[in-house]
Protein chains: 2
Amino acid sequence: MSDMLKFPQDDTDFNVALSMSLVLFGFDGSQLQLLLTRSKREPFKDALFLPSRYLEAQDELALSARSMFHGLFGYDDPEIIEQLKAFGGVFRHPFGRVINIAFYALVRKEDFLAEKWEHHGMQWSPVDRVPDLAFDHNEIVKYARERLKRRVKRRPVGFQLLPDEFTLGQLQTLYEQALGKTFDKRNFRKKLFKSPLLHDLERKATGGETGQHKGSQLYAFERERYQRMKNEGYDFLF
Amino acid sequence: MSDMLKFPQDDTDFNVALSMSLVLFGFDGSQLQLLLTRSKREPFKDALFLPSRYLEAQDELALSARSMFHGLFGYDDPEIIEQLKAFGGVFRHPFGRVINIAFYALVRKEDFLAEKWEHHGMQWSPVDRVPDLAFDHNEIVKYARERLKRRVKRRPVGFQLLPDEFTLGQLQTLYEQALGKTFDKRNFRKKLFKSPLLHDLERKATGGETGQHKGSQLYAFERERYQRMKNEGYDFLF
DNA sequence: CCAAAAGTGTTACCCGTACACCCATGG
DNA sequence: CCATGGGTGTACGGGTAACACTTTTGG
């Protein structure tokens with residue numbers, strides 16, 4: 001019971017290191033993907049793992065995540081990044097305990113600053129074929145995929161994962177990948193047209209560019225409208 | 001970009017302290033409540049806050065939460081306690097950075113070891129009248145209430161919050177408190193009887209003991225049945 | 001005796017689901 | 001010309017939501 005009252009008494013109580021990892025989901029039109037990087041040092045030399053950083057004691061958690069995100073994508077936004085939870089207890093550094101706080105974000109693959117990062121071993125990997133990762137990062141990825149499933153049901157995640165113009169086929173594939181099941185085309189469309197968030201661009205893609213045959217209708221998300229509606233209490237539900 | 005690769009270089013990088021807080025929800029038959037304790041020292045002397053502890057570097061996060069829980073309730077169970085997330089950046093101790101990792105659990109108020117703890121300033125407080133708390137604990141409580149809302153929809157939380165025998169009125173009040181809305185009595189009952197988890201004890205409470213007038217039917221949850229069904233993929237949905 | 005909560009069924013509507021065929025085009 | 005994905009409507013069933021009155025008993 002006295003431990004309820006225990007406070008750090010001196011600086012020997014400040015002996016834990018913090019790290020932060022980003023789980024970044026992207027979508028290439030047919031597959032959900034995950035950004036991974038390659039470790040250059042022991043104890044996991046050459047293993048893949050999530051983009052990660054050790055934090056200084058003064059680093060704000062969310063700000064550190066945003067700044068790392070900015071480095072990778074060239075922009076950032078407080079709404080994009082969300083904390084998952086703290087992971088502890090698996091990897092211990094020779095100098096002591098490390099707590100990893102994981103964040104997640106949904107991004108557009110094409111925003112990734114590939115030229116800048118690819119030669120550092122950064123690469124996209126399909127989420128259903130994620131290899132063994134260093135540390136406990138497979139566990140983090142698993143947790144993040146569950147979170148994504150829940151978010152897909154309650155937020156229009158297409159906003160974040162798809163380019164400005166997209167087809168309903170791509171949108172459906174995205175939902176199928178994220179939730180791990182397939183949907184009936186007609187029902188899927190009906191469902192999404194119930195919410196007034198899809199703007200018909202009244203233009204068709206020529207088939208070739210999206211790998212289709214018959215060119216398909218292009219849509220955009222009504223970003224501002226969604227923001228306004230959200231402020232008025234609108235609740236997206238897939 | 002080099003910060004992507006930064007590892008702790010020596011023990012001066014291990015300079016963060018960890019703390020852990022529990023958000024414990026209970027229910028007294030008519031109100032959702034929260035367990036709070038009173039700070040005995042600066043910088044928040046006499047303020048209320050969540051039961052909390054500083055962690056040693058070697059403490060496992062989940063095990064520490066369980067052990068504190070055990071101290072308060074005399075039992076514990078890995079399934080009860082769930083991590084919320086890490087909260088950082090608000091309170092900084094004179095000696096350095098403190099990261100607080102919050103956990104939450106749903107408990108039966110009557111299991112609380114009141115005799116042991118009440119004279120330490122521990123007390124239940126109705127969730128809709130939580131006072132200003134020390135540190136960033138109001139933020140943690142807010143986050144925990146959102147989590148509870150989601151859990152109520154997907155898990156039979158009555159299991160954890162109600163005593164072995166309870167009435168449908170109590171159960172409904174619990175759902176109304178947790179979700180912040182009211183329900184039609186008949187629809188509520190239909191909905192809950194769809195799942196086979198309520199066992200009719202074929203006994204009525206005498207009105208007086210539960211503060212009612214007309215005595216009402218007593219029910220129990222089918223614990224084992226729920227466990228079995230869950231293993232077979234059953235998904236509770238309110 | 002009255003205030004307070006218990007208990008009980010029916011109806012209307014909405015939403016989710018199942019289901020099959022023709023069309024346009026790239027190769 | 002054919003393989004591939006695009007595009008379209010209907011019917012059924014289940015679930016949710018709205019709704020009002022009688023019963024019991026504590027005080």
Side-chain angles (χ1 to χ4, degrees), chain A residues 27-31 152-154 158 162 165-177 179-220 234-238, chain B residues 27-31 152-154 158 162 165-177 179-220 234-238:
Chain A
F27 183 65
D28 65 3
S30 66
Q31 279 196 307
V152 165
K153 296 237 166 219
R154 312 233 47 147
L162 287 169
E165 308 190 342
F166 54 88
T167 70
L168 290 179
Q170 293 171 328
L171 190 60
Q172 181 168 348
T173 305
L174 168 55
Y175 274 76
E176 291 179 342
Q177 293 264 326
L179 294 172
K181 43 181 152 176
T182 58
F183 299 101
D184 177 272
K185 216 191 310 184
R186 284 166 290 193
N187 296 337
F188 181 80
R189 283 157 196 245
K190 259 183 292 177
K191 203 171 196 175
L192 282 166
F193 283 126
K194 266 192 318 185
S195 79
L197 297 175
L198 284 177
H199 174 56
D200 187 332
L201 292 171
E202 296 175 352
R203 239 163 1 90
K204 284 190 191 300
T206 71
E209 56 188 89
T210 36
Q212 305 149 342
H213 295 256
K214 182 176 173 177
S216 57
Q217 196 56 238
L218 288 171
Y219 291 86
Y234 169 74
D235 209 15
F236 177 87
L237 236 174
F238 175 71
Chain B
F27 183 67
D28 66 2
S30 66
Q31 279 196 309
V152 165
K153 296 237 165 219
R154 313 232 44 149
L162 289 168
E165 308 190 342
F166 55 88
T167 70
L168 289 180
Q170 293 171 328
L171 190 60
Q172 180 170 348
T173 305
L174 168 54
Y175 274 76
E176 291 178 342
Q177 293 264 326
L179 294 173
K181 43 182 153 176
T182 58
F183 299 99
D184 178 89
K185 214 192 311 183
R186 285 166 287 192
N187 295 336
F188 181 81
R189 282 156 196 244
K190 262 182 289 178
K191 202 172 196 174
L192 282 166
F193 282 127
K194 266 191 317 183
S195 78
L197 297 175
L198 285 176
H199 175 58
D200 187 334
L201 292 171
E202 295 177 349
R203 238 161 3 91
K204 284 190 191 301
T206 73
E209 55 189 88
T210 35
Q212 306 148 343
H213 295 256
K214 181 177 174 178
S216 59
Q217 196 58 238
L218 290 170
Y219 292 87
Y234 170 73
D235 209 16
F236 177 86
L237 236 173
F238 174 71

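Protein chains get the first letters and strands the later ones, always in sequence-line order, with residue 1 at the start of each. Remember, it's a predicted structure, so these values are computed and weren't measured experimentally.
- No donor-acceptor pair under 3.5 Å is formed between the side chain of A:Q177 and the backbone N or O of A:L174.
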So B:Y219 and B:D200, side chain to side chain contact (heavy atoms under 4.5 Å, CB included) or not? Walk me through it. CA-CA 5 Å; B:Y219 292 87; B:D200 187 334; 3.8 Å; yes
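- Atom NZ of A:K204 sits about 9.0 Å away from atom CG of A:L218, to the nearest 0.5 Å.
- Counting to the nearest Å, the P atom of C:dC14 and the CG atom of A:N187 are 18 Å from each other.
- To the nearest 0.5 Å, atoms CG (B:L168) and CZ (B:R189) are separated by 4.5 Å.
- Interface remark: the A:K190 side chain does form a donor-acceptor pair with the C:dT17 base, using a distance-only criterion of under 3.5 Å.
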Between A:T182 and A:F188, does the side chain to side chain contact (heavy atoms under 4.5 Å, CB included) criterion hold? Intermediate values first, please. CA-CA 10 Å; A:T182 58; A:F188 181 80; over 6 Å; no
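- For C:dA6, the base has no donor-acceptor partner in the side chain of B:R189 [N/O atoms by modelled type, under 3.5 angstrom].
- For the pair B:F188 CZ and C:dA6 P, the computed distance is 12 Å after rounding to whole Å.
- Nucleotides of DNA chain D with any atom under 4.0 Å from a heavy atom of chain B span, from 5' to 3', D:dT16 to D:dG26.
- Side chain B:K185 to base C:dA5: no donor-acceptor pair is found below 3.5 Å.
- At whole-Å resolution of the value, CZ in A:F193 and P in C:dC15 are 17 Å apart.
- The CZ atom of B:F166 sits 16 Å away from the C1' atom of C:dA6 (whole-angstrom rounding).
- When the side-chain nitrogen and oxygen atoms of B:K214 are compared with OP1 and OP2 of C:dA3, none of them lie within a distance under 4.0 Å.
- The NZ-C1' distance, from B:K191 to C:dG9, rounds to 18 Å in whole Å.
- Taking for each of A:F238 and B:L168 the nucleotide of DNA chain C with the nearest heavy atom, the 5'-most of the two is the partner of B:L168.
- Atom CG in A:D184 sits about 13 Å away from atom C1' in C:dC21, given to the nearest Å.
- Between the CZ atom of B:R186 and the P atom of C:dT10 there is a distance of 12 Å, rounded to whole Å.
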Using the rule given for side chain to side chain contact (heavy atoms under 4.5 Å, CB included), can you reason through A:K153 versus A:L179, listing the C-alpha separation, both sets of side-chain angles and the distance that settles it, and then say yes or no? CA-CA 9 Å; A:K153 296 237 166 219; A:L179 294 172; 4.3 Å; yes
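- Here A:Y175 and A:F183 keep their ring centres 6.0 angstrom or further from each other.
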